[in-house]
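Comments concern the structure below.
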Amino acid sequence: MALLERFNRVSLKKRPRFSSIMGCVNGKSFLTDEDIVFIARNTAMDQEQVEIRYQNFLSKHPDGRISRKSFHDMMKECYPGTDTEKLEKHIFRMYDTNDDGHIDFREFMIVLYVLSNGSPEENLKQIFRVFDINNDGSISLKELKRIVKDLFHLINEENVDQASHDVLANSAFSEMDENKDGEITQEEFIEACMLQKKFSTMLTLRIIDIFVAE
Ligand SMILES: [Ca+2]
Ligand SMILES: [Ca+2]
Ligand SMILES: [Ca+2]
């Protein structure tokens with residue numbers, strides 16, 4: 001299926017996996033008014049809906065944020081029987097936008113919202129964060145190789161060896177690095193995916209498959 005159709009399907013019919021595992025009990029709130037306004041403005045929810053979601057979040061994460069350890073437990077719950085260790089840190093990075101080692105409610109809600117309601121460009125901006133391992137705003141060939149290796153580890157495909165990992169990473173890299181300066185910017189990444197270039201699309205869809213529930 002074409003990439004854009006996939007994105008549209010994500011937006012309309014699917015929901016991110018993690019949204020379904022939050023419980024519902026009462027908890028105290030330490031979300032600031034400013035946070036509520038920010039989330040409401042960025043997610044098209046009203047402030048009351050934000051508050052309700054926050055109570056759910058607190059019931060699972062009483063200190064108001066998700067640690068690496070709780071994230072690990074969430075991954076285990078979402079992918080029972082699958083070895084997700086290698087991908088976990090990449091997915092965590094996508095949520096932890098300020099890179100402080102925790103996912104707070106604001107970060108969590110923005111990612112969930114974009115995954116379920118965002119435009120293709122907004123989705124791709126988040127997926128770019130998965131590839132940009134050192135968070136410096138561009139993807140190096142080394143980063144791309146690392147992601148390919150960890151992606152295929154999760155999928156556990158047969159007949160995919162180190163040599164074909166390298167071919168895939170190198171092909172995707174040269175597709176995306178439009179100006180051939182040895183790094184992929186966010187703009188180059190988005191453009192390669194929007195143009196549905198072969199290897200870029202293949203990799204991006206792998207990541208979407210991980211994030212989106214059946
Ligand atoms: Ca954070
Ligand atoms: Ca980087
Ligand atoms: Ca470039």
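From a predicted model like this one, the values you see are computed outputs, not experimental measurements. When a ligand or atom number is given, it counts from 1 through the structure's own listing order.
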**Prompt:** Can you give the angle His102 O - the Ca ion (ligand 1) - Asn98 OD1, rounded to 10°?
**Reply:** 150°
**Asked** What is the OD1(Asp96)-the Ca ion (ligand 1)-OD1(Asp100) angle, to the nearest 10 degrees?
**Response** 80°
**Asked** Do any of the N, O or S atoms of Ser140 sit under 3.0 Å from the Ca ion (ligand 2)?
**Response** no
**Message:** Please determine whether Glu107 has a backbone or side-chain N, O or S atom lying under 3.0 Å from the Ca ion (ligand 1).
**Reply:** yes
**N/O/S from Asp99 sitting under 3.0 Å away from the Ca ion (ligand 1)** = no
Could you check which N/O/S atom of [X] is closest to the Ca ion (ligand 3)?
X: Asp177; value: OD1
X: Glu183; value: O
X: Asp181; value: OD1

**Item:** Parallel, tilted or perpendicular: ring planes of Phe189 versus Phe131, cut at 30 and 60 degrees
**Value:** tilted
**Request:** Report the relative orientation of the aromatic rings in His61 and Phe57; use parallel for angles under 30°, tilted for 30 to 60°, perpendicular for over 60°.
**Result:** tilted
**Asked** Is the Ca ion (ligand 3) under 3.0 Å from any N, O or S atom of Glu178?
**Response** no
**Item:** Heteroatom N/O/S of Ser138 within less than 3.0 Å of the Ca ion (ligand 3)
**Value:** no
Looking only at non-hydrogen atoms, find the nearest pair between [X] and [Y] and report the distance.
X: Ile103; Y: Asp96; answer: CG1-N, 4.2 Å
X: Phe128; Y: Ser138; answer: CZ-CA, 3.8 Å
X: His90; Y: Arg93; answer: ND1-NH2, 2.9 Å
X: Gln126; Y: Val111; answer: NE2-CA, 3.3 Å

**Asked** Side-chain donor-acceptor pair under 3.5 Å between Gln47 and Glu51, yes or no?
**Response** no
**Message:** We want to know whether Ser67 and Ser70 form a side-chain donor-acceptor pair, criterion being a heavy-atom distance below 3.5 angstrom.
**Reply:** yes
**Prompt:** If you check every N/O/S atom of Asp132, which is the one nearest the Ca ion (ligand 2)?
**Reply:** OD1
**Message:** For N/O/S atoms only: which one belongs to Asp136 and is nearest the Ca ion (ligand 2)?
**Reply:** OD1
**Message:** Taking the basic N atoms (NZ, or NE/NH1/NH2) and the acidic carboxylate oxygens, is any pair closer than 4.0 Å for Glu191 and Lys197?
**Reply:** no
**Message:** Please report, to 10°, the angle around the Ca ion (ligand 2) from atom OD1 (Asn134) across to atom OE1 (Glu143).
**Reply:** 130°
